[in-house]
Amino acid sequence: MIHPTAIVHPGARVAEGVSIDPYSIIGEHVVIGSGTVIGPHVVIEGFTEIGRDNHIFQFASIGAAPQDLKFRGGETRLRLGDRNTVREFVTLHCGTEDGGFETTIGNDNLFLAYSHVAHDCHVGNRVILSNGATLAGHVRVDDFAILSGLCAIHQFTRIGCHVMVAGGSMVAQDVAPYTMVQGDRAKTVGLNLVGLKRRGFSEETLRIIKKAYRLVFRSGLKVDEALARIDAELERIPELAVFVEFIKQSERGVAR
């Protein structure tokens, strides 16, 4: 299942059941799990580990050295989980020595054409990066987030779970879970109610999240004051705890 024109280094560890199409190049330190399909003209290099049942389309670049002038060529890694789809011209880069040594990507993600994951990023599960969406270095994207086309995420920014980032947005601050942001520099414009309902959030859970959202984003209160009101007035449910802890831990401040 490896085409004769593909170049696979003898040191690469390629599991049974992997398909590698014409003219693709697999480097010495690459590990590829079973069931993964590598399209034509793909380059996978560096210390890259790819899980099972991924589909990597033509012209993608996986595991290249980070675009960081401080990078000194160390043994840094890219870890890609299972069942991810990586479309044309996507770039996924290894980590850096100064940023934790690795870039990590979870399972069941979709990276559309020309999207980019820079060094030391951490992407969760069931995330979508639409065409041209770009993560700068050290970005974290939590589960079920959707980044629309041509949006850009500033380095060290965190995108919460179930977030929707509108197309063309420039995101320079953390985006709280369950919300939607848009604009340059992106502001929070509402809750991602359609996404939350699709994920099975109950009406009671949505009622509590809506109240918390209004206190933080629409009441005019300072963040600490809003969080104090949430603690005093709202029922403690796990989904609300995710929202509150994200805001408390934010180092860049939450986009409001």
In this structure, are over 12 heavy atoms from other groups packed under 6.0 Å from [X] atom [atom1]?
{"X": "R198", "atom1": "CZ", "result": "no"}
{"X": "Y23", "atom1": "OH", "result": "no"}
{"X": "E16", "atom1": "CD", "result": "no"}
{"X": "Q173", "atom1": "CD", "result": "yes"}

Calculate, to the nearest 0.5 Å, the distance between atoms [atom1] and [atom2] belonging to [X] and [Y] respectively.
{"X": "R199", "Y": "K197", "atom1": "CZ", "atom2": "NZ", "result": "14.5 Å"}
{"X": "R218", "Y": "R256", "atom1": "CZ", "atom2": "CZ", "result": "10.0 Å"}
{"X": "S61", "Y": "L92", "atom1": "OG", "atom2": "CG", "result": "8.0 Å"}
{"X": "I38", "Y": "S19", "atom1": "CD1", "atom2": "OG", "result": "8.0 Å"}
{"X": "L110", "Y": "T85", "atom1": "CG", "atom2": "OG1", "result": "6.0 Å"}
{"X": "L234", "Y": "L240", "atom1": "CG", "atom2": "CG", "result": "6.0 Å"}

Going by side chain to side chain contact (heavy atoms under 4.5 Å, CB included), I62 matches just one of I44, N54, V43. Which one? I44
Going by side chain to side chain contact (heavy atoms under 4.5 Å, CB included), V123 matches just one of L80, L135, T104. Which one? L135
Can you confirm whether [X] sits close enough to [Y] that some side-chain heavy atom of one is under 4.5 Å from a side-chain heavy atom of the other?
{"X": "K248", "Y": "V223", "result": "no"}
{"X": "M164", "Y": "S148", "result": "yes"}
{"X": "L78", "Y": "V117", "result": "no"}
{"X": "H154", "Y": "R185", "result": "no"}
{"X": "R158", "Y": "D142", "result": "yes"}
{"X": "L191", "Y": "K210", "result": "yes"}
{"X": "V216", "Y": "I230", "result": "yes"}

Is the distance between the ring centroids of [X] and [Y] less than 6.0 Å?
{"X": "H9", "Y": "H29", "answer": "no"}
{"X": "H55", "Y": "F57", "answer": "yes"}
{"X": "H138", "Y": "H119", "answer": "yes"}

What's the shortest heavy-atom distance between [X] and [Y], and which atoms?
{"X": "V189", "Y": "Q182", "value": "CG1-CG, 3.6 Å"}
{"X": "G63", "Y": "C94", "value": "O-SG, 3.2 Å"}
{"X": "A15", "Y": "G33", "value": "CB-C, 3.9 Å"}
{"X": "A113", "Y": "V90", "value": "CA-CG2, 4.4 Å"}
{"X": "S130", "Y": "S115", "value": "O-CB, 3.8 Å"}
{"X": "A136", "Y": "C121", "value": "O-SG, 3.0 Å"}

Is [X] reaching over with its side chain to a backbone N or O of [Y], donor-acceptor style, under 3.5 angstrom?
{"X": "S34", "Y": "G17", "value": "no"}
{"X": "T76", "Y": "F101", "value": "no"}
{"X": "N109", "Y": "R126", "value": "yes"}
{"X": "T36", "Y": "G51", "value": "yes"}
{"X": "N192", "Y": "H162", "value": "yes"}
{"X": "S24", "Y": "G39", "value": "yes"}
{"X": "N107", "Y": "G81", "value": "no"}
{"X": "D21", "Y": "H3", "value": "no"}
{"X": "D143", "Y": "N125", "value": "yes"}
{"X": "E239", "Y": "T205", "value": "no"}

E97 vs F71, side chain to side chain contact (heavy atoms under 4.5 Å, CB included): CA-CA, chis, key distance, verdict: CA-CA 7 Å; E97 300 94 327; F71 181 64; 3.5 Å; yes
Per ring-ring contact (aromatic ring centres under 6.0 Å, His included), Y178 is matched among F246, F217, F201, Y213 by F201
Evaluate the side chain to side chain contact (heavy atoms under 4.5 Å, CB included) criterion for residues E235 and E204: first the C-alpha distance (whole Å), next the side-chain angles of each, then the deciding distance (0.1 Å), finally the verdict. CA-CA 10 Å; E235 179 183 348; E204 178 61 17; 4.0 Å; yes
Could you label the plane-to-plane angle of the H41 and F59 rings as parallel, tilted or perpendicular, counting under 30° as parallel and over 60° as perpendicular? parallel
Do [X] and [Y] belong together in a cluster built from hydrophobic side chains that touch within less than 4.5 Å?
{"X": "V242", "Y": "L196", "value": "yes"}
{"X": "I128", "Y": "I105", "value": "no"}
{"X": "M180", "Y": "V254", "value": "no"}
{"X": "I159", "Y": "L112", "value": "no"}
{"X": "V163", "Y": "F144", "value": "no"}

Apply the test side chain to side chain contact (heavy atoms under 4.5 Å, CB included) to residues T96 and K70: give CA-CA distance (whole Å), side-chain angles for both, the deciding distance (0.1 Å), then the verdict. CA-CA 8 Å; T96 66; K70 301 185 300 299; over 6 Å; no
Any luck finding a side-chain donor-acceptor pair between H116 and T134 under 3.5 Å? no
Given K222 and D224, is the salt bridge (Lys or Arg N to Asp or Glu O under 4.0 Å) satisfied, shown in steps? CA-CA 6 Å; K222 295 180 180 179; D224 289 345; over 6 Å; no
Indicate yes or no: does D98 engage R72 in a salt bridge with an N to O separation below 4.0 Å. yes
Salt-bridge contact D174-R252 (side-chain N to carboxylate O under 4.0 Å): no
Run the numbers on D82 and R52 for salt bridge (Lys or Arg N to Asp or Glu O under 4.0 Å), then give the verdict. CA-CA 5 Å; D82 302 333; R52 301 170 58 95; 5.8 Å; no
